[in-house]
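Input: a single structure, listed below in structure tokens.
Quick caveat, the model's predicted, so the values are computed rather than measured.
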Amino acid sequence: MDEICVRDGEDSEWRESARWLKFEEDVEDGGERWSKPYVATLSLHSLFELRSCIFSGTVLLDMRANTIEEIADMVLDHQEIYSPIGNELRKKVRETLLKHHHHQNQKKLANRLPIVRSIADMGRRASELHLDKNDQMTSSQSQLAGPEGKAEQSKDNSFVDFSKIDLHFMKKIPAGAEACNVLVGEADFLNRPMVAFVRLSPAVLLSGLAEVPITTRFLFLLLGPSGRGPQYHEIGRSMATLMTDEVFHDVAYKAKDRNDLIAGIDEFLDQVTVLPPGEWDPSIRIEPPKNVPSQEKRKKSNLLPNGLVEGEEEEEPGGHGGPELQRTGRWFGGLFLDIKRKFPHYLSDYTDACNLQCVASFLFLYCACMSPVITFGGLLGEATEGRISAIESLFGASLTGIAYSLFAGQPLTILGSTGPVLVFEKILFKFCKEYGLSYLSLRTCIGLWTAFLCILLVATDASSLVCYITRFTEEAFASLICIIFIYEALEKLIYLDKYYPFNRNNNLDKLTTYSCSCFEPSDPTNGTLKYWEMNNVTVSEIYWEALEVKDCVEKRGEFVGSACGPKGPYVPDVLFWCVILFFSTVIMSAFLKGFKFSNYFPTKVRSVISDFAVFFTIVTMVLVDYSLGIPSPKLKVPSVFKPTRDDRGWFINPLGPNPWWTAVITVVPALLCTILIFMDQQITAVIINRKEHKLKKGCGYHLDLFMVGLMLGVCSLMGLPWFVAATVLSITHVNSLKLESECSAPGEQPKFLGIREQRLTGLMIFTLMGSSVFMTSVLQFIPMPVLYGVFLYMGASSLKGIQFFDRLTLFGMPAKHQPDFIYLRHVPLRKVHLFTIIQLSCLILLWIIKTSRAAIVFPMMVLALVFIRKLLDCIFTKRELSWLDDLMPESKKKKLEDAEEEEGQSMTGEDEDGGVQVPLEGYKGIPIINITDEMSKGSFGNTWNANG
């Protein structure tokens with residue numbers, strides 16, 4: 001918006017005072033900078049006066065002009081027809097309209113480089129009639145996206161001085177944007193207001209009018225007598241704010257005459273909220289909201305003529321029972337449909353990965369996946385006496401992950417190891433050892449049966465049963481996995497105390513007397529004596545006091561001295577340094593991840609820092625740890641690619657030395673494994689495929705299970721661990737690939753657009769994991785406490801968005817302090833608490849089973865959650881469950897609810913049965929008020945009429 005004050009004997013020019021891209025920005029005092037964007041607050045009086053201006057002023061629609069001179073002549077010609085002003089006054093008004101425009105940023109831009117973005121690109125869509133719903137207005141001038149219809153672009157574009165363009169602001173403007181220039185001011189030679197609203201067709205580039213070279217579609221002019229500058233300023237603000245409104249924006253483009261514009265203003269007035277003047281400070285600038293409600297209901301208002309504004313079809317709410325989960329009635333019917341659905345997107349699954357965000361995601365997830373795979377292999381090696389260990393775990397994870405990333409239906413899912421599988425392996429190994437059976441051969445038979453049963457489930461479209469997995473089940477399962485991640489990260493940190501003990505009774509005055517030496521055990525145990533005998537250790541020939549800690553432990557020596565703990569010497573600094581590394585990793589990762597929303601650095605820099613948050617944190621901690629030199633525990637990666645034991649190869653005979661009947665009886669434990677694989681895989685898939693993630697390439701439940709079953713059979717034959725969808729890693733992978741709008745107006749929050757769906761990140765993660773054997777020289781510097789910190793961060797960040805934890809916070813919270821959750825509007829609080837207690841009880845039961853010896857039945861308990869959820873139909877009504885246990889995103893449901901309330905308020909003339917209510921006898925109803933007549937009684941209307 002540009003303003004001017006014309007007085008005799010004084011030089012004057014149009015000076016920029018405010019601009020709107022979506023929210024208002026004002027030129028601060030002194031004209032040195034723009035203010036922070038804020039929500040424009042308008043006086044109701046100025047809106048009524050604007051309505052009077054449009055009602056009584058000049059309205060020119062679809063006028064053809066190429067320069068500001070032509071526009072001025074058209075406005076004045078029209079003014080002469082209806083209200084002659086005389087040649088002398090016409091000349092002064094024309095001179096005023098053609099005066100120079102001074103922009104706020106001209107001083108700072110003298111030495112800027114030429115603009116990279118061409119005018120052709122900016123104006124390419126200016127005359128195309130596709131309405132941009134998100135990006136609407138700009139500059140002193142409101143920026144608009146072109147509507148529908150076609151009109152040729154003006155060829156007479158004036159010369160633009162590129163050195164005077166604000167490149168940073170230019171990036172905020174969407175391609176094809178058009179401007180609405182608002183010009184208001186006072187002139188001492190006028191005795192009554194002069195108003196004009198002009199819509200150009202086609203839009204033209206008017207040199208010097210706007211601060212950026214974009215085409216102008218609309219122009220609003222208001223010149224009036226001196227002494228009413230603030231009044232004109234407020235009317236101009238009202239006009240610019242109206243042009244940023246999504247509904248009036250459409251009206252302005254499609255209006256056929258003055259009445260359509262007035263109807264648009266009336267609709268806007270109908271939606272205006274008035275704040276009492278004594279209960280708030282009008283000078284306060286309201287911060288832009290994080291989420292703006294949908295305006296689709298407004299577009300259906302009966303105040304607007306038909307066809308003036310077109311609404312969009314609102315998406316139907318629902319769960320996850322899409323076409324992917326419909327039974328086909330044919331063998332492998334669902335699998336073939338998944339392949340048919342995913343094949344057209346296969347090439348784009350690689351081309352869409354050409355982005356820096358994917359590099360950040362890959363580096364982060366690689367570090368996050370390495371440690372659990374190696375740890376799982378180490379635990380499995382201890383449980384199976386080295387028959388399956390770290391190298392087999394690395395190879396199996398890499399092989400399965402690569403195949404899954406290449407051919408699965410949902411490549412965003414990350415595969416990993418699970419606790420119940422480890423428990424099953426321990427029980428199976430113990431059974432084989434007791435009965436003299438070959439563990440690897442029996443395990444291969446179970447794996448092949450499990451693979452067969454998984455493929456049988458695919459053949460019968462059993463994945464369609466996923467539609468019975470509701471939010472109740474998936475949130476209980478996801479919460480459990482997240483809590484396990486957090487618990488195990490803290491447990492591993494505390495467990496370091498056993499390896500790096502410290503003296504809890506230090507006396508600083510006696511530090512010089514502390515010592516710890518190795519001595520021959522005074523009373524060796526039977527186990528020690530047996531060890532010496534088996535390894536031919538001659539105790540008398542050993543010089544015990546000269547042994548180092550490692551040798552003393554190996555030869556079963558005894559540590560004696562004031563600096564000795566129960567299992568060895570006290571280790572100074574290491575444990576505390578590990579604690580510092582652990583919590584520093586968590587805090588730094590969370591801080592850098594949220595850096596995107598800070599006020600420092602340009603948007604692109606903040607985005608890169610946020611995307612690479614965990615990777616930057618790991619690199620920083622590694623460098624700090626290396627520079628200090630404290631011997632913290634490091635990541636240990638196998639350095640040789642060969643089976644851990646020499647008595648096994650890379651292919652396992654399913655029978656081997658075992659009796660033939662073992663190949664048949666193993667179908668029983670295979671059933672249990674199949675339930676575990678199916679539930680683990682499909683619950684994770686349901687979480688990843690949630691509608692709030694806005695995935696556009698479809699799901700692939702059948703294809704996913706087919707690939708998991710196929711690779712499970714391959715891993716069984718090769719003696720490798722089994723891998724299935726890892727919930728926390730998959731959620732983290734999805735969160736790291738969130739897409740947000742790049743072109744956003746100042747003050748506007750970036751809009752969530754969906755997930756960057758591609759296969760390359762998973763493929764690179766598991767390819768590099770397989771190559772880790774050859775990267776031990778680099779990976780050996782990563783401290784384990786840093787990886788534990790990453791686990792804690794992943795577990796905690798994955799809890800965000802889980803409704804179950806939102807409901808937990810309601811306990812003990814007074815009603816007036818409770819957040820406005822949508823389900824609290826419809827479900828009594830006691831019912832909400834009851835639902836939460838039941839879900840919490842299921843979670844505790846799952847935890848007890850998971851951590852006990854009965855962990856083998858864990859998959860059965862997960863399956864039981866589906867039946868427990870079914871029993872809730874007897875406790876809660878269907879309506880209550882639809883609010884408490886629904887997959888529809890929270891924000892979207894709240895928008896629908898608010899829209900329904902507004903619709904209910906507007907239908908006051910109908911009763912519950914849909915019949916029209918008859919007014920009572922003698923009731924005259926609310927009198928109809930003519931807004932224009934009422935406003936003519938105001939100050940601005942009186943000025944107009946008095947001088948008319």
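In this structure, A451 and L712 approach most closely via the heavy-atom pair N-CD2, 3.9 Å. T450 and C673 get closest at one heavy-atom pair: OG1-CB, 3.6 Å. Smallest separation of non-hydrogen atoms from T666 and L442: CG2-CD1, 3.4 Å. Between N653 and S441 the shortest heavy-atom distance is O-OG, 2.9 Å. When all heavy atoms are compared, the tightest approach of P669 to I446 is CG-CD1, 3.9 Å. Annotation for Q839 and A476: closest pair NE2-N, 4.0 Å, computed over non-hydrogen atoms.
A donor-acceptor distance shorter than 3.5 angstrom exists from the side chain of Q357 to the backbone of K738, with no hydrogens or angles considered. A donor-acceptor pair under 3.5 Å links the side-chain atoms of S730 to the main chain of I414, judged by distance alone. No donor-acceptor pair closer than 3.5 Å links the side chain of S589 to the backbone N or O of V586. For the pair E392 (side chain) and P721 (backbone), a donor-acceptor distance under 3.5 Å is absent. Checked by atom type and distance alone, the side chain of K342 pairs as donor or acceptor with a backbone atom of G409 at under 3.5 Å. Proximity of a side-chain donor or acceptor of T444 to a complementary backbone N or O of S716 within less than 3.5 Å is detected. Not a single donor-acceptor pair under 3.5 Å links the side chain of S398 to the backbone N or O of M769. T400 contributes no side-chain N or O that, together with a main-chain N or O of A397, makes up a donor-acceptor pair within less than 3.5 Å.
L843 contributes atom CG, which lies 10.0 Å from atom CD1 of I848 (distance to the nearest 0.5 angstrom). Distance check, rounded to the nearest 0.5 Å: SG of C482 to CZ of F804 gives 11.5 Å. Interatomic distance, CE of M764 versus CG of L760, reported as 6.5 Å (0.5 Å rounding). Atoms CG and CG, on L705 and L710 in that order, are 11.0 Å from each other to the nearest 0.5 Å. To the nearest 0.5 angstrom, W722 atom CH2 is 14.0 Å from M711 atom CE. One distance of note links CG of L845 with CD1 of I868; it measures 7.0 Å at 0.5 Å rounding.
At least one side-chain heavy atom of L720 sits under 4.5 Å from a side-chain heavy atom of W650. Side-chain contact between V786 and F582 is absent, with no heavy-atom pair separated by less than 4.5 Å. Proximity of M707 to L406: side-chain heavy atoms (C-beta onward) are nowhere separated by under 4.5 Å. In this structure the side chain of P633 reaches within 4.5 angstrom of the side chain of P785, judged on heavy atoms. Using a 4.5 Å heavy-atom threshold, the side chains of H733 and I755 count as separate. Side-chain contact between L365 and S736: present, with at least one pair of heavy atoms (C-beta onward) separated by less than 4.5 Å. Within the 4.5 Å cutoff, no side-chain heavy atoms of I486 are placed close to those of I483. You'll find the side chain of F723 stays beyond 4.5 Å of the side chain of Y404, heavy atoms only.
The salt bridge (charged side-chain N to carboxylate O under 4.0 Å, His left out) test with D352 singles out one residue from R759, K697, R756, and that residue is K697. For the pairing with Q410, the side-chain hydrogen bond (donor to acceptor under 3.5 Å, both in side chains) check across D338, N689, D704 returns one residue only, N689.
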- Message: As a quick check of understanding, evaluate side-chain contact (heavy atoms from CB on, under 4.5 Å) for Q758 and C358, giving each step before the final call.
- Response: CA-CA 9 Å; Q758 40 73 47; C358 293; 4.1 Å; yes
- Query: Where do L872 and L884 land on the side-chain contact (heavy atoms from CB on, under 4.5 Å) test, with the steps shown first?
  - Reply: CA-CA 11 Å; L872 293 183; L884 291 172; over 6 Å; no
- L335 and L703: side-chain contact (heavy atoms from CB on, under 4.5 Å), yes or no, with the steps? CA-CA 5 Å; L335 176 64; L703 184 55; 3.6 Å; yes
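Between Y350 and Y346, the ring planes lie perpendicular to each other; the angle is over 60°, past the 30° to 60° tilted range.
Dense packing is recorded around NZ of K696, with more than 12 heavy atoms of other residues, nucleotides or ligands lying under 6.0 Å away. Dense packing is recorded around CZ of F651, with more than 12 heavy atoms of other residues, nucleotides or ligands lying under 6.0 Å away. Environment of OH in Y366: crowded, with over 12 heavy atoms of neighbouring residues, nucleotides or ligands closer than 6.0 Å. Residue L456 qualifies as enclosed at atom CG: its count of foreign heavy atoms under 6.0 Å is above 12.
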